[in-house]
Engineer: 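Here you go, one structure.
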Amino acid sequence: MTDQVTVREVGLRDGLQLIQQIVPANNKLDWCRDQVAAGFTEIEVTSFVPPSVIPQFADAAEVLEGAKAIAGLRAAVLVLNLKGALRAFDQGAEKIVFVLSASAAHNLANVRRPIKDSVTAFRELVAERDRRGLKGTVEISGAIATAFGCTIQGEVSERQVFELVEQLAEAGADELNIADTVGYADPAQVRRIYGQVAGMVGKIPLAAHFHDTRGMGLANVVMALEAGVRRFDASLGGLGGCPFAPGASGNIATEDCVYLLESMGLATGIDFNRLLTLREKLDAWLPDEQLYGRLSKARPSKIFDPVTIL
Ligand code: COA
Ligand code: ZN
């Protein structure tokens, strides 16, 4: 049987949070629809942060509502505190990705609180989900940012990452996402950390979130695959970056990641040509943004033989 891999689009959240131009909600929803037509089943559609902090997401409720109406899409949202989680529950989010950082300095810069308070907020989020009778309906992902290093603090101890994995797993995470927020990870480190984490979490699925700031993104994907990871975040055109992590830049490009996986014989369920057509629209929607990724320019090779044909 062909191995299945899920590529989760995060361009609408990680991608848009760093750019100045506000993308209208109807373009965001067109983006979601095209992505689903290309075979994506999960998109991180927005972030429930205060609009005063990131104005791009002032339309979070509208975008989530529109995304939920798209058949075949699991609409995920990002939250960083309980207030954001309550907004997300009230709006009927289908999956909530809660982010905290393994770097104490980044957690303070990003969410203005110590890591242990973020862990407490995660526990409260799970309890609130269960209290609302949504266990089994709303999936909660625990995302550990700056797990491979931090532009503010520098080194982040692997022990800290493992402790957070344990705490989030014990608190009831349905998924654990280990994130290289600033593109510090190298393949050997990825093999070491995912190898260890895979042995700790039992049946909880692992996801990976890589930024390509130093050109290591796809090499890291391959290493995470070898460690058993089957869920990858990626951003169309390689947009992305945390506004509260100095020097952060884009995620691995979705189109390059899908090309890599399909070339290796892994089924993503994504129609590559439709994805490239959507990528061209992004150029039109974001004329002032520098977009990345190789495949939009080079196009697939003559011998590319994707596993997925829609
Ligand atoms: N959505 C809307 N409003 C929110 C909110 C949310 N998620 N979280 C807090 N607020 C409001 C509070 O209600 C309060 O409003 P009030 O002054 O009218 O009473 C105000 O914001 C301050 O609340 P507080 O809990 O003290 O928040 P804070 O100032 O400590 O900020 C965060 C915490 C998480 C909201 C803030 O640090 C943040 O938005 N960071 C953004 C991080 C981010 O998006 N990073 C990129 C992705 S990793
Ligand atoms: Zn990111």
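Counting starts at 1 for both ligands and their atoms, following the listed order. Bear in mind the structure is a predicted one, so any value in this text is a computation, not a measurement.
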Engineer: Are V221 and M216 grouped together when hydrophobic residues (ILVMFWY) are joined by side-chain heavy atoms under 4.5 angstrom apart?
Structural biologist: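 No, separate clusters.
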
Engineer: Would you please classify the geometry between the Y194 ring and the F210 ring as parallel, tilted or perpendicular, with 30° and 60° separating the classes?
Structural biologist: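 Perpendicular, since the angle between the ring planes exceeds 60°.
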
Engineer: Which N/O atoms of ligand 1 sit under 3.5 Å from a protein N/O, and at what distances?
Structural biologist:
| residue | atom | partner | partner atom | Å |
| --- | --- | --- | --- | --- |
| ligand 1 | 1 (N) | R87 | NH1 | 2.8 |
| ligand 1 | 7 (N) | F48 | O | 2.9 |
| ligand 1 | 7 (N) | N81 | OD1 | 3.2 |
| ligand 1 | 7 (N) | G84 | N | 3.3 |
| ligand 1 | 8 (N) | N81 | ND2 | 2.8 |
| ligand 1 | 13 (O) | K83 | NZ | 3.4 |
| ligand 1 | 29 (O) | R112 | NH1 | 2.6 |
| ligand 1 | 31 (O) | R112 | NH1 | 3.3 |
| ligand 1 | 37 (O) | N110 | O | 3.2 |
| ligand 1 | 40 (N) | N110 | O | 3.0 |
| ligand 1 | 45 (N) | N110 | OD1 | 2.8 |

Engineer: Identify the residue among N220, D180, T181, D14 that makes a side-chain hydrogen bond (donor to acceptor under 3.5 Å, both in side chains) with H211.
Structural biologist: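 It is D14, the one option of N220, D180, T181, D14 that forms the side-chain hydrogen bond (donor to acceptor under 3.5 Å, both in side chains) with H211.
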
Engineer: Would you find a donor on one side and an acceptor on the other, under 3.5 Å apart, between the side chain of Q56 and the backbone of V23?
Structural biologist: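 A pair under 3.5 Å: yes.
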
Engineer: Establish whether V10 and V258 are linked, either directly or via other cluster members, by ILVMFWY side-chain heavy-atom contacts under 4.5 Å.
Structural biologist: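 No, separate clusters.
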
Engineer: One thing to verify: whether R230 and E175 come together as a salt bridge, which I'm taking to mean a side-chain N less than 4.0 angstrom from a carboxylate O.
Structural biologist: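 No, no charged N to carboxylate O under 4.0 Å.
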
Engineer: According to the interplanar angle, ranging from 0 to 90°, do the rings of F304 and F272 count as parallel (below 30°), tilted (30 to 60°) or perpendicular (above 60°)?
Structural biologist: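 Perpendicular: the ring planes of F304 and F272 meet at over 60°.
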
Engineer: For L73 and E94, work out which heavy atoms get closest and say how close.
Structural biologist: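 Heavy-atom minimum between the residues: O-OE1, 3.4 Å.
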
Engineer: If you draw a sphere of radius 2.8 Å around the Zn ion (ligand 2), how many protein N/O/S atoms end up strictly inside it?
Structural biologist: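 Atoms of protein N, O or S type lying less than 2.8 Å from the Zn ion (ligand 2) total 3.
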
Engineer: Salt bridge check: are E139 and R74 linked by an N-O gap of less than 4.0 Å?
Structural biologist: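 Between R74 and E139 there is a salt bridge, with a charged N closer than 4.0 Å to a carboxylate O.
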
